[in-house]
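Report on the structure given below.
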Amino acid sequence: MTRTGSTAALSRGTLYLAALSLSLGWGVRGNWGHEFGAMIPGTLAAMAASLLTGREDWRRRVAYFAFFGALGWSFGGSMSYGIVLGYTHSASWPSVLYGFACLFVIGFLWGAIGGAGTALPAFLDRERLTELFYPLGAVFLAWTVQFLAFEGGWLTEEAFNWYDTDWVAALLAVIAVVTLGLIRGRFCFGSNLILCMAAGWWLAFLLLVVGLEIRMTPPRGDNWAGCLGMTLALLAFLWRKGLSPVVFAALVTAFFAGFGFSTAELIKLLGVSTGIAANWHSVMEQTFGLISGIGVAVAMIYLSKRLPAVPDEPPIRYWTEIFSLGFVLLVIPFLNIRKNVESVWLPNHVIPVEMFGLSAAGWFNLAYLIIAGTVTALIIRHQKHPLSVVPATWLGKGQALFLVFLWWIVIGNLSRYLPFEPGRLITEGVIHVNACLCTLLVLTWPMEMEFVPQKKFPRFGLVNFMAIVVGFAVCLGAVWGQAWSTMQVLKEPTWGYHYRFDDAQMMKWFEQWRDTILKQWDKNREEADPGGLKQNENALPE
């Protein structure tokens with residue numbers, strides 16, 4: 001049964017579901033981590049935006065939203081932030097302020113690429129959208145070879161350690177796309193986009209890290225620089241190609257995510273200061289996801305009321321929809337749930353190390369391969385002869401995809417913590433409740449009526465400019481306030497703290513800088529008025 005009502009109800013539903021979905025996904029992502037884990041919240045939030053805004057053209061593309069939402073949010077997973085969190089625990093003003101500023105930067109970069117990926121299917125026509133899949137396929141193939149080489153022990157990651165960054169992946173992306181372009185005899189929209197982002201990664205990394213030796217969290221990795229370059233290159237490319245609405249979605253999501261990361265850390269520190277024993281780190285992660293999800297919702301609600309309908313004509317390359325669906329249903333869960341075997345199940349003796357001559361990981365891969373084969377066969381069968389179990393409407397299909405992915409991930413995450421301990425309730429308990437709320441929202445809130453945009457298509461150049469000005473003003477003020485608030489409640493360093501700066505050395509540098517400025521000022525004044533003659537001339541007679 002679907003809900004009927006006003007467009008305001010659509011907006012509220014989108015806000016609720018996107019925020020809860022990204023919060024849930026981030027709670028799960030905290031357990032699995034890195035790029036693969038970050039795909040989960042991106043997938044859920046993008047599907048939420050496509051299903052609850054009332055746009056039938058968006059609902060038809062729910063598989064694309066899920067796929068590109070996952071990719072967009074995955075890139076930020078390469079950035080290291082553990083030590084950055086430690087800076088905010090230090091109770092040292094320079095380190096605390098630096099920590100909150102870096103959290104804003106990391107969240108901003110994470111949200112920018114994530115927001116752009118979420119919005120791409122809402123604006124690109126069918127031809128441009130499908131043009132992305134050939135170069136993406138080439139890059140995925142190259143990265144799969146890299147993954148197998150490192151996982152299989154053919155190559156060691158230590159031998160390719162360059163500031164602990166993903167430079168190998170960035171280089172392979174360039175090689176894969178250039179090779180594909182030479183084979184095809186042309187470079188399409190998707191190839192140019194990937195090359196532009198890869199070039200941005202390399203330019204920023206070589207300039208900031210290698211050249212200027214700017215390290216955000218030494219000795220940890222410096223993928224932040226590559227992500228900064230990718231973000232700037234992506235925004236420039238989208239703007240140049242006339243995709244300013246996608247730039248808007250990227251900026252809005254970026255500012256919410258930057259604000260959300262630093263704010264969530266402040267909430268965690270306030271909780272820590274109470275002395276109550278709890279998994280405050282998980283509270284931080286889920287709060288970050290909640291605020292970032294609000295950003296996704298705000299951007300997509302604004303666009304849903306203004307963007308014209310995206311045509312799916314001509315209906316070319318149906319395989320891209322099947323690819324997107326398979327990636328979401330099969331690849332993302334596999335890349336994450338497989339981590340349970342080595343990191344949790346074996347150490348906790350949940351399963352034997354070996355059964356009938358095959359390792360536990362081998363049995364897991366075999367079982368998953370059977371599942372993948374079954375799902376793939378059903379998808380192919382449905383294209384020729386529709387299965388009765390698959391809903392007839394696009395809304396129904398999107399709801400089914402959302403729910404299957406949601407509960408597959410939730411159950412896979414819960415299986416990570418066997419045997420279960422009471423201390424996990426604040427994490428897995430909240431995730432379970434969130435999943436139930438998301439289920440209710442996605443099934444009961446969408447409207448039967450199709451929403452048609454009525455508002456005038458805006459000048460996104462002005463809108464983007466205002467987003468930048470307001471966003472930076474609010475967030476910079478917030479970072480300063482968060483650091484000040486932390487210094488009021490943390491009287492001494494707490495667990496996991498790190499210092500970015502030496503306070504004594506900082507004061508010494510400040511005094512040297514102040515003395516240099518004062519001496520230069522006195523020198524300039526002396527040169528302009530030798531001996532103070534002008535001052536004497538202007539003095540009143542006695």
The reported gap from CD in Gln482 to CD1 in Ile267 (rounded to nearest 0.5 angstrom) is 9.0 Å

Which is it for Phe189 and Phe237 under the ring-ring contact (aromatic ring centres under 6.0 Å, His included) test, yes or no, and what are the steps along the way? CA-CA 10 Å; Phe189 170 82; Phe237 180 89; 5.6 Å; yes

Starting from the C-alpha separation in whole Å, work towards a yes-or-no answer on ring-ring contact (aromatic ring centres under 6.0 Å, His included) for Phe205 and Trp162. CA-CA 11 Å; Phe205 170 67; Trp162 193 11; 5.1 Å; yes

For a side chain to side chain contact (heavy atoms under 4.5 Å, CB included) check, start with the C-alpha distance between Trp202 and Val210, then their side-chain angles and the critical distance, and finish with the verdict. CA-CA 10 Å; Trp202 276 104; Val210 179; over 6 Å; no

List the steps, then state whether side chain to side chain contact (heavy atoms under 4.5 Å, CB included) holds for Leu71 with Leu136. CA-CA 10 Å; Leu71 287 187; Leu136 280 176; 4.0 Å; yes

Is Arg220 salt-bridged to Asp164, going by a charged N under 4.0 Å from an acidic O? no

Rounded to the nearest 0.5 Å, what separates atom CZ in Arg500 from atom CG in Leu97? 13.0 Å

Pair Tyr87 and Tyr497, ring centroids less than 6.0 Å apart: no

Ser90 and Val96 have their tightest heavy-atom pair at OG-CG2, 3.7 Å

When the aromatic ring centroids of Phe501 and Tyr499 are compared, is their separation below 6.0 Å? no

Take a 6.0 Å sphere around NE2 of His498 and say whether it holds more than 12 heavy atoms from other residues, nucleotides or ligands. yes

Tell me whether the count of non-hydrogen atoms from other residues, nucleotides or ligands lying under 6.0 Å of CE in Met466 goes above 12. no

Ring centres of Phe261 and Tyr81 under 6.0 Å apart? yes

With a 3.5 Å distance limit and no angle check, can you tell me whether Asp222 reaches the backbone of Val209 through a side-chain donor-acceptor pair? no

Before we go on, tell me: are the rings of Phe104 and Phe259 under 6.0 Å apart, centre to centre? no

Go through Lys339 and Phe36 one step at a time and tell me if the side chain to side chain contact (heavy atoms under 4.5 Å, CB included) criterion holds. CA-CA 10 Å; Lys339 298 177 182 179; Phe36 296 155; 4.2 Å; yes

Counting only heavy atoms not in Phe150 (residues, nucleotides, ligands), do more than 12 fall under 6.0 Å from its CZ? yes

Between Glu265 and Thr88, does any side-chain donor sit less than 3.5 Å from a side-chain acceptor? yes

So which of Thr130, Leu132, Leu120 actually passes side chain to side chain contact (heavy atoms under 4.5 Å, CB included) with Tyr64? Thr130

Report yes if the distance between the aromatic ring centroids of Trp224 and Trp201 is under 6.0 Å, otherwise no. no

For Phe75 and Cys227, which heavy atoms make the closest approach, and how far apart are they? O-SG, 3.8 Å

Interatomic spacing from CG in Leu290 to CG in Leu24 - rounded to 0.5 Å: 11.0 Å

Nearest 0.5 Å, what's the CE-OG1 distance between Met300 and Thr118? 6.5 Å

Do Glu131 and Arg128 meet the salt-bridge criterion of a basic N to acidic O distance under 4.0 Å? no

Does Tyr134 have Arg184 sitting over its ring (NZ/CZ under 6.0 Å from centre, angle to axis within 45°)? yes

Around atom CD of Glu492, are there more than 12 heavy atoms from other residues, nucleotides or ligands closer than 6.0 Å? no

With the side chain counted from C-beta on, respond yes when Trp495 and His89 share a heavy-atom pair under 4.5 Å apart, and no when they do not. yes

Let's go through Tyr368 and Trp363 carefully: what are the C-alpha distance in whole Å and the side-chain angles of both, what is the deciding distance for side chain to side chain contact (heavy atoms under 4.5 Å, CB included) to 0.1 Å, and is it a yes or a no? CA-CA 8 Å; Tyr368 206 95; Trp363 280 108; over 6 Å; no

Taking side chain to side chain donor-acceptor pair (under 3.5 Å) as the criterion, tell me which of Asn336, Asn340, Asn413 meets it with Trp32. Asn340

With ring centroids as reference points, do Phe68 and Phe133 lie under 6.0 angstrom apart? yes

How many angstroms lie between atom CD1 of Ile106 and atom CE of Met79, to the nearest 0.5 angstrom? 6.0 Å

Set out, in order, the CA-CA distance, both residues' side-chain angles and the distance that settles side chain to side chain donor-acceptor pair (under 3.5 Å) for Asn223 and Thr165, then state yes or no. CA-CA 5 Å; Asn223 276 316; Thr165 61; 4.6 Å; no

Straight-line distance of Ile431 CD1 to Leu406 CG, nearest 0.5 Å: 10.5 Å

